[in-house]
Amino acid sequence: MNPEVLLSRIRVVLCRPSHPGNIGAAARAMKTMGLSRLYLVAPKQFPDPEADTRATGAVDLLQEAKITTSLNEALAGTVFVVALSARQRDLGPALGAPRETVARLLAEAAQGEVALVFGNETMGLSNEEIQHCHAAVTIPTNPDFSSLNLGSAVQVLCYECRMAAFAEKPPVLVAGVTPFVSPPASHDEVEGLYGHLESVMTATGFYNPEQPGRLMPKLRRLFGRIRLEKDEINILRGVLASTQVKTGFGRKD
Ligand code: SAH
């Protein structure tokens, strides 16, 4: 199924969010990853200028957000629901890893609407809320400091959704700039550089062909490490040629 269609079937449900800034951050996190359907269950303060500020270019998601009074209402019509929690709950589903659970979420999205459910900033999800969910995910964290900011948790999951929807290869933004490419230098071009270097170094006295030592092997080792490109050979040989012209050393090659 088309990745964009799959992503459009994922609802991000925030349960009782306290800080409007986090709602804005969640909207931005969603839009950057191609998700668009935000549900707010009994938000403490919404709409709010702080939400708009934190959403920056994702204010459209805030304007289209569905506000409900209960989680039940936000989940109406969904076929698969995943809870996000930093803590295992007694009767809740076992906590799974984001990647595996998101793979299942996307498979379910091919059948219908699905949801990711996030808890309140202070209390997390209630046991009752978790019991509405088919699966639960915990983002692996530092065990001594395991609670992410709500907007950050939304970002991590939306990223996993995008990666899964595009089979790990989402298109990247090229922004109209094509990286510079030069064809690789051929064997004879590289040999031409060594010959040129040797003749200039001989002319300057830096290299004595009677007592060659390990200079040329070391230079070959240096240039051999980097695969020289045609363009780079031209630059280096240009530098050598200009030195010859300026110093009056004759070209030997
Ligand atoms: N103090 C709360 C955490 C609230 S953070 C608690 O201990 O539960 C707000 C929400 O972000 C959480 O309810 C959860 O949905 C999500 N979240 C934060 N850290 C998370 C983590 N490590 N794994 C999964 N979800 C997390």
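As the structure lists them, so they are numbered: ligands from 1, and atoms in each ligand from 1. Index from 1, following the sequence.
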Item checked: Any donor-acceptor N/O pair, R11 side chain to A74 backbone, under 3.5 Å -> yes
Next item on the list: Report yes or no: does T138 contribute a side-chain atom to a donor-acceptor pair with the main-chain N or O of S85 at less than 3.5 Å?
Entry: yes
Note to self: Strictly by ring pair (Phe, Tyr, Trp, His ring centres under 6.0 Å), give each pair with a member in residues 50-96 just once, sequence neighbours left out.
What the structure shows: F80-H134
Give a table of atom pairs where an N or O of ligand 1 lies under 3.5 Å from a protein N or O.
from     : atom 1 : to   : atom 2 : distance (Å)
ligand 1 : 1 (N)  : T122 : O      : 3.2
ligand 1 : 7 (O)  : R87  : NE     : 3.1
ligand 1 : 8 (O)  : R87  : NE     : 3.3
ligand 1 : 8 (O)  : R87  : NH2    : 3.0
ligand 1 : 13 (O) : G119 : N      : 3.1
ligand 1 : 15 (O) : L84  : O      : 2.7
ligand 1 : 15 (O) : G119 : N      : 3.0
ligand 1 : 19 (N) : L148 : N      : 2.9
ligand 1 : 22 (N) : I139 : O      : 3.2
ligand 1 : 22 (N) : S146 : O      : 2.9
ligand 1 : 23 (N) : I139 : N      : 2.8

Notebook entry, point to check: Salt bridge between R16 and E129, side-chain N to carboxylate O under 4.0 Å?
Noted result: yes
Checklist line | Pairwise salt bridge (charged side-chain N to carboxylate O under 4.0 Å, His left out) hits with a residue in residues 95-112, at least two apart | finding: R99-E160, R104-E108
Can you list, pair by pair, the side-chain donor-acceptor contacts under 3.5 Å of residues 213-225, counting residues two or more places apart and other chains?
from : atom 1 : to   : atom 2 : distance (Å)
R220 : NH1    : E191 : OE2    : 2.9
R220 : NH2    : E191 : OE1    : 2.8

